[in-house]
Amino acid sequence: MSELTNKIIQDIKKTGFPFELKAAEIIKKCDWTLSYNNFYIDKDENKGREIDLIAECTVATEDFNSTHFVETSMIFPIELKQANQHPWIFFTTEQNVHEKFHDFYSIIKHESGFNSSHGNRIRFIQEITNYQGRLARSFYEAFTRNAGRDDIFKALTGVVKALEHLYESSYLRPREGSGDINDLEDDDPFYSHFLQLYEPVIIFRGELFEARVDEEDVIVKDTDYVLVSFNYISPYYNREFSYLVHIVKEEYVEEFFREKKNGLHKLHAILTDSEYEVVSL
């Protein structure tokens, strides 16, 4: 190996490219389809920005022409972040009653056409998510001046803006003028056979900690996963409910995506009553 080649290798290792490619290979091994280096429109800045990865997993009944055809998908915009010197700290609390029944809307982007009642759909989706535990409310990067949080905030805003762009670009859209999840009833029966769930994900390389406060002290523990309730709002992004963002440590990526795929198959089986043969797309 030449001296120049060795220098290039060492220089590449300083970038985020090896981390991105390694994470991508793990996700693909879990039977997810990946799209690389996509761009989205940041409405706040009126410019294009890049999102590292988009992961998609789709399950469908086999006969597309059948009236019983159902296609269920999970679509995850993914941002990859590294922090070598500043651990990420997230402060968590228990969910309140309102959140347990409403924040699941953060992941549903199209749900028209299913015959099961609205209440039943809530229960099904809750069964395949991890949304029954604690939620992170605030965050900071340890050992920074003035308890800095810029890198975390940029990662959160970037991934939720990418999520909104993906939804708006989807071929499954609510009827013109409808932005309410409860109004998603398309006139075209074709769209009634599809369900898409969008969830924003940040894959993190570094030290990740959950912090909570009890009656007497602050409790801190290292963790592989945190779910963040992120209440982003601007003139161009105005949501009734908060975003729920998965922070997934590098070591937990494979387990996370396998669990999500298994959950998707379970949800699809429930929606189709397990009566029809299904295929992974």
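In this text, all values refer to a predicted model and were calculated from it rather than measured experimentally. Values reported hereafter were calculated over all heavy atoms of this structure, with side chains retained and with hydrogens, waters and symmetry mates removed.
Taking the centre and axis of the six-membered ring of Phe91, the NZ or CZ atom of Arg137 falls outside the cone set by 45° and 6.0 Å.
Remark: Glu94 engages Arg134 in a salt bridge, criterion side-chain N to carboxylate O under 4.0 Å. Taking 4.0 Å as the cut-off between side-chain N and carboxylate O, Lys28 and Glu25 count as a salt-bridged pair. Salt bridge Asp151/Lys81: absent, no basic N to carboxylate O contact under 4.0 Å.
Here the side chains of Lys43 and His165 are not in contact, with every heavy-atom distance at 4.5 Å or above. Put simply, the side chain of Phe19 reaches to within 4.5 Å of the side chain of Ile203, judged on heavy atoms. Considering only heavy atoms from C-beta on, Leu156 stays 4.5 Å or farther from Tyr232 through its side chain. Using a 4.5 Å heavy-atom cutoff, the side chains of Ile9 and Met1 are in contact. Residues Cys57 and Phe76 fail the side-chain proximity criterion, which asks for heavy atoms closer than 4.5 Å. The closest side-chain heavy-atom distance from Lys29 to Arg258 is below 4.5 Å.
Residues Leu21 and Ile12 fall into different hydrophobic clusters, defined by Ile, Leu, Val, Met, Phe, Trp and Tyr side chains chained together at heavy-atom separations under 4.5 Å.
Side chains of Glu164 and Tyr243: a donor on one and an acceptor on the other come within 3.5 Å. Glu168 and Tyr40 share no side-chain donor-acceptor pair at under 3.5 Å.
With a 6.0 Å radius and a threshold of 12 heavy atoms from other residues, nucleotides or ligands, Glu207 has its CD atom at or below the threshold.
In terms of modelled atom types and a separation under 3.5 Å, the side chain of Trp88 and the main chain of Ala83 share no donor-acceptor contact.
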